[in-house]
Amino acid sequence: MKHVEFRTAASAQGGLVVMDGVPGVAAGSRVQLRDHAGRLRSGLVIRSADDAVLVEVFEGTDELDLERTWVRFLDEPFRLPLSRDILGRVFNGAGLPRDGRPPIVSADRRDINGEPLNPAARAYPREFIQTGISAIDGMNSLTRGQKLPIFSGSGLPHNRVAAQIVRQARLLGEASAEFVVVFAAFGASHADARFFQESFEESGVLNKVVMFLNLADEPVIERLLTPRAALTAAEYLAFDLDYHVLVVMTDMTAYAEALREVAVLRGDVPARKGYPGYLYSDLAEIYERAGRIKNRRGSITMIPVLSMPSDDITHPIPDLTGYITEGQIVLGRELANQGVYPPVTVLPSLSRLMKDGIGKNFTREDHPHVASQLFASYARALEVRGLAAIIGAEELSDTDRRALDFAEAFERRFIGQGEDEDRSIHETLNLAWDLLSMLPPESLIRVTEEELAKYHRGAA
Amino acid sequence: MGKILEINGPLVKLELPQTLIGEQVRVGRMGLVGEVIGRDGDTALAQLYEDTAGLRPGEAAEGLGWPLSVELGPGLLGAIFDGVQRPLHAVRAHSGDRIARGVSVPALSREARWRFVPEAQAGRTLAGGDVLGTVQETASIRHRILVPPLLRGELLELAPEGDYTVDETIGRVKLADGRIEKLALFHRWPVRTPRPFRERDHAVAPLITGQRILDTFYPLLKGGKAAIPGPFGAGKTMLQQQIARWCNAEIVVYVGCGERGNELTDVLEFMPQLTDPHTGRPLMERTLLVANTSNMPVVAREASVYVGITLAEYFRDQGYDVVMVADSTSRWAEALREVSGRLGQMPVEEGYPAYLGSRLAAFYERAGRVETLAGDHGSVTLIGAVSPPGGDFSEPVTSHTKEIIQTFWALSKELADARHYPAVDWLESFSGYVKSAAKWWTEEVDPQWERARAAALDLLAASEELQRIVNLVGVEALSSEQRWTLESASLLKEGLLQQAATDEIDSFASPQKQFALLAALLEIHRQGLKLVKRGVPARRLIELPLLAQARRWKSQHGSDDIEALKAKIAKIPQAFEPLLEEYVTESEGG
Ligand SMILES: Nc1ncnc2c1ncn2[C@@H]1O[C@H](COP(=O)(O)OP(=O)(O)O)[C@@H](O)[C@H]1O
Ligand SMILES: [Mg+2]
């Protein structure tokens with residue numbers, strides 16, 4: 001069947017073509033369509049019966065003349081050829097070269113859908129990654145093998161933050177980043193793609209990067225393949241070649257929108273905001289490919305970027321993402337408008353794996369308590385700030401005024417830092433104590449008395 | 001033998017006469033398993049538990065003749081199963097780190113031998129649920145080998161004490177119609193059918209979880225039903241893990257339903273290292289896991305909670321107190337929604353079918369304390385996490401669940417954002433079991449329990465009111481007494497309600513510690529109130545070092561160190577003395 005072409009398309013509508021009289025076609029297999037002008041389109045079998053086969057066409061069915069279209073069933077799922085040579089290469093969303101260089105030739109061609117990892121085979125991520133960014137390292141630490149997205153909004157500097165993480169990420173005690181990077185962009189603008197490309201170039205890591213690009217003006221449905229192709233490459237690098245892989249994907253919102261488009265074509269029942277009920281499971285298939293495996297050296301650490309529609313964290317895309325990923329770094333417009341970079345809004349940010357990768361044997365013994373204290377003190381200070389807005393700062397008690405000063409300094413000096421500033425975790429923690437020392441020691445109950453005595457500048 | 005007619009996502013249409021709805025089928029060259037969900041003449045519609053990619057029309061299909069069932073017998077404890085009870089450690093040994101399709105490995109090892117000690121007498125008439133004998137499965141758990149529930153007849157013979165595999169014949173029963181039935185160490189039971197018991201029994205003892213906000217304020221009883229709703233990151237999973245770690249149940253069934261793979265890995269890694277505070281044995285010996293993580297096929301997700309509850313009922317039937325935590329029931333409901341969507345059923349709210357509420361209710365109904373068929377007492381306590389989209393508690397799964405359960409531990413995003421854990425909202429939460437729990441606390445811990453609990457809740461509610469005023473006009477508008485109320489409430493929140501799972505000393509608090517701490521903080525409030533009433537400004541009281549110290553007591557005194565805590569209570573009045581002298585004696589003297 002592999003090399004036979006058919007011309008039996010019965011009808012086409014939206015992005016779907018129905019083929020008659022092609023028995024025994026495997027579900028989920030790839031399809032190639034050649035239209036009257038000889039141009040190729042690709043598709044996927046989404047329903048198969050002996051009398052009718054339903055094919056989803058990625059490039060759409062516009063201007064498809066059924067009488068003169070040939071269809072070939074490739075009898076296999078989408079596969080990505082893999083070898084060491086993928087490093088330094090740029091592919092399109094479906095895994096074909098877009099850098100003008102020859103295709104990867106390899107007998108090792110893997111189904112991009114992957115297979116679910118057995119939870120009994122996972123190894124729990126525990127190794128602290130220093131990103132050099134205080135708001136992340138100090139309060140929302142990243143560990144190797146974690147999936148930690150950046151929740152952002154249009155116009156916020158998520159690309160710059162992601163690029164800074166890629167540049168600076170390293171394990172403690174190691175001189176330089178030993179990561180290879182898999183970068184996937186879907187629905188991204190050419191400018192965004194160029195920004196990352198240049199950033200990789202500048203830091204001289206281009207030969208350790210694999211890129212999968214499906215840009216804003218390229219086929220929408222190909223976006224459904226892009227993260228899967230990228231993660232197939234990442235799994236190969238991590239679990240076959242022992243690399244520690246950092247996967248940056250942008251923008252998950254564009255991905256989810258593509259999924260919605262297809263769902264509408266298929267007539268699936270919508271759940272919230274028109275997104276299909278299976279958006280959760282579909283996103284999970286992608287995000288859960290991050291992690292570590294017992295007895296394997298490599299790892300996949302994932303930093304997906306997503307822009308929250310109207311800055312709304314309860315929108316289904318950030319909401320479902322937050323339910324799957326191991327935390328989130330939330331960027332905020334308010335801080336950005338005040339010129340704070342990186343504008344990390346710490347309270348809704350979270351790293352779920354932080355508790356297992358910091359402290360005595362990992363970073364510093366006071367780290368867990370300091371982080372908790374910063375959250376508590378800053379949350380309290382924000383309440384005071386709200387109060388001051390109503391009753392005026394003059395009416396505040398002395399303690400409250402100190403809290404206000406703390407909030408201000410915390411945002412400027414702790415959260416705020418340079419785009420090239422690479423702070424060690426010790427610098428971050430010492431800075432935290434500088435700020436906490438602005439507050440009376442007896443108000444700091446999340447840290448121990450010993451820690452106070454050791455680090456608080458005002459404690460006698 | 002039948003064949004595949006059509007493949008459409010996880011649904012396959014089969015030419016397969018004479019199957020029943022719910023029957024298991026095996027289809028295609030890969031031998032994928034699924035269940036029949038619809039019939040039309042000679043065609044059956046089945047949903048498969050695994051990805052259908054690669055299946056072709058024309059491949060073979062067969063009905064297996066039974067509904068989705070689990071194997072019940074020795075070897076369950078400490079294991080991790082997938083949503084249709086495939087043993088994940090054995091699956092890994094068989095197919096590697098990733099779960100290959102079509103793997104068929106029996107849930108219970110056919111090689112392991114168990115020492116069986118017979119108890120039943122040959123010649124006697126046995127009924128379902130009766131105990132044939134026992135297997136000491138782990139040091140703390142004696143596995144009672146039960147007669148399968150629907151069986152009844154004369155025990156012709158029973159094997160002597162010895163080592164047997166689960167499928168060896170250990171006995172024979174003659175049924176009323178003369179047929180002979182063989183017995184083994186295990187039997188099967190269909191997961192969607194509740195296991196029978198003699199009668200429901202009133203739940204009496206509270207489930208102690210060691211978490212103050214739960215045990216002291218919103219108690220749950222053994223055999224009760226509870227829900228933990230909360231937006232992502234609010235602490236549902238941590239709270240369930242805390243319960244799985246510390247609660248005083250004898251068996252814990254942990255169901256990861258549509259959640260993260262690493263969370264199960266976490267449980268698999270820490271449980272063997274922790275000891276059960278009640279028996280001193282490794283916690284893994286009393287725990288079993290069922291996992292359908294979010295990246296595993298959705299169809300098996302719907303089944304996973306039924307697999308979990310059936311395992312729980314099986315241990316209940318042996319006379320144990322069992323806790324089942326399900327994280328998250330929302331993912332199960334969503335799986336239900338997908339099935340109903342595929343069947344073309346009319347959605348009523350947010351795509352959910354009309355029977356969502358009744359399915360949820362029927363599921364929670366399987367919790368309870370019962371008198372077993374053998375006349376023992378056992379219980380299943382059911383604790384379900386709920387993951388409302390956008391944290392909106394008015395959505396269908398949360399609102400239906402709220403109607404069904406008795407204990408509602410509502411998690412708040414605001415508390416979690418400020419890292420106040422457990423982020424259980426003390427105003428939104430409720431428990432219908434306070435009266436029954438009070439009886440136990442009064443008898444076992446302190447007669448003042450009910451009053452102290454109420455006083456603390458009053459204080460918290462009052463402070464909420466006052467806080468509203470402060471937010472409008474500032475703290476200066478409050479009287480000294482009101483400011484002291486605010487301060488005392490804050491002391492309760494920080495010194496009592498907040499309880500970090502990561503705090504080695506405070507992660508678990510015994511009922512005695514819970515009460516001692518509550519009593520201590522209330523005593524501080526009372527002493528201060530006395531002074532305020534006699535004219536001491538609240539400002540001065542708030543400056544007392546005692547208030548900062550008392551906030552640390554929870555982390556300084558473990559459950560084995562209550563005496564030191566009590567000694568501190570005795571010294572509370574002393575801390576107020578300087579102020580008493582400064583103000584009261586002065587004004588009274590002068
Ligand atoms: N009781 C607790 N003690 C300490 N930390 C907690 C507690 N509950 C939650 N956390 C913190 O919050 C994070 C998210 O909690 P989790 O239970 O995973 O949330 P959810 O399941 O509601 O999404 C955890 O990783 C942990 O850092
Ligand atoms: Mg959770």
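Here is the naming used below: chain letters follow the sequence lines, and residue numbers restart at 1 for every chain.
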Supply the atom-to-atom distance [X] [atom1] to [Y] [atom2], rounded to the nearest 0.5 angstrom.
X       : Y       : atom1 : atom2 : answer
L382(A) : D417(B) : CG    : CG    : 10.5 Å
S48(A)  : L5(B)   : OG    : CG    : 11.0 Å
E6(B)   : D50(A)  : CD    : CG    : 10.0 Å
L117(A) : T293(B) : CG    : OG1   : 8.5 Å
T265(B) : R122(A) : OG1   : CZ    : 6.0 Å
S95(B)  : E115(A) : OG    : CD    : 7.5 Å

Options [options], ranked by heavy-atom pairs under 4.5 Å with chain B, top entry:
options                            : result
P368(A), G28(A), P125(A)           : P125(A)
K147(A), E383(A), E235(A)          : E235(A)
Q146(A), R272(A), K355(A)          : R272(A)
G114(A), G291(A), P270(A), A123(A) : A123(A)
E285(A), E449(A), R380(A)          : E449(A)

Contact origin within [X] toward chain B - heavy atom pairs under 4.5 Å:
X       : value
V53(A)  : neither
I293(A) : side chain
F239(A) : side chain
Y378(A) : neither
A284(A) : both
P348(A) : both
L350(A) : both
D312(A) : neither

*Would you check, one step at a time, whether the test side chain to side chain contact (heavy atoms under 4.5 Å, CB included) holds for L396(A) with E476(B)?*
CA-CA 9 Å; L396(A) 293 178; E476(B) 298 303 328; over 6 Å; no
At a heavy-atom separation under 4.5 Å, does [X] approach chain A through its side chain, its backbone, both, or neither?
X       : answer
K236(B) : side chain
V12(B)  : neither
E350(B) : both
P347(B) : side chain
R539(B) : neither
Y352(B) : neither
A418(B) : both
Q556(B) : side chain
R337(B) : side chain
V298(B) : side chain

For [X] and [Y], indicate whether the former's side chain and the latter's backbone hold a donor-acceptor pair under 3.5 Å.
X       : Y       : value
Y124(A) : L264(B) : no
E442(A) : P545(B) : no
N118(A) : L88(B)  : yes

Can you tell whether the side chains of [X] and [Y] come within less than 4.0 Å, N to carboxylate O?
X       : Y       : value
D266(B) : R352(A) : no
K294(A) : D97(B)  : no
E288(A) : R260(B) : no

Selection from [options] maximising heavy-atom pairs under 4.5 Å formed with chain A:
options                          : value
R551(B), E263(B), E269(B)        : E269(B)
G258(B), G351(B), G390(B)        : G390(B)
G341(B), P231(B), G58(B)         : P231(B)
H420(B), E338(B), H89(B)         : E338(B)
V91(B), N471(B), L268(B), I80(B) : N471(B)
S387(B), A53(B), G344(B)         : S387(B)

_For a side chain to side chain contact (heavy atoms under 4.5 Å, CB included) check, start with the C-alpha distance between E334(B) and Y278(A), then their side-chain angles and the critical distance, and finish with the verdict._
CA-CA 8 Å; E334(B) 286 162 12; Y278(A) 53 79; over 6 Å; no
*Can you check side chain to side chain contact (heavy atoms under 4.5 Å, CB included) on I390(A) and L472(B), steps first, answer last?*
CA-CA 7 Å; I390(A) 299 165; L472(B) 287 177; 5.8 Å; no
*Applying a criterion of heavy atom separation less than 4.5 Å, what residues of residues 314-327 of chain A form contacts with chain B?*
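The stretch touches chain B at T314(A), P318(A), D319(A), G322(A), Y323(A), I324(A), T325(A), E326(A).
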*Closest approach of A26(A) and G54(B), non-hydrogen atoms and distance?*
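Between these two residues, the closest heavy atoms are CB-O, 3.7 Å.
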_Within 6.0 angstrom of K13(B) NZ, more than 12 heavy atoms from elsewhere_ =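 Not buried by this count: 12 neighbours or fewer within 6.0 Å.
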_Criterion side chain to side chain contact (heavy atoms under 4.5 Å, CB included) on R419(B) and M139(A), from CA distance to verdict_ = CA-CA 11 Å; R419(B) 273 53 175 178; M139(A) 301 173 77; over 6 Å; no
*side-chain contact (heavy atoms from CB on, under 4.5 Å) with R446(A): which of R552(B), Q498(B), E494(B)?*
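Result: among R552(B), Q498(B), E494(B), Q498(B) is the only option passing the side-chain contact (heavy atoms from CB on, under 4.5 Å) with R446(A).
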*Do P23(A) and R56(B) come within less than 4.5 Å of each other through their side chains, counting heavy atoms only?*
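Not in contact.
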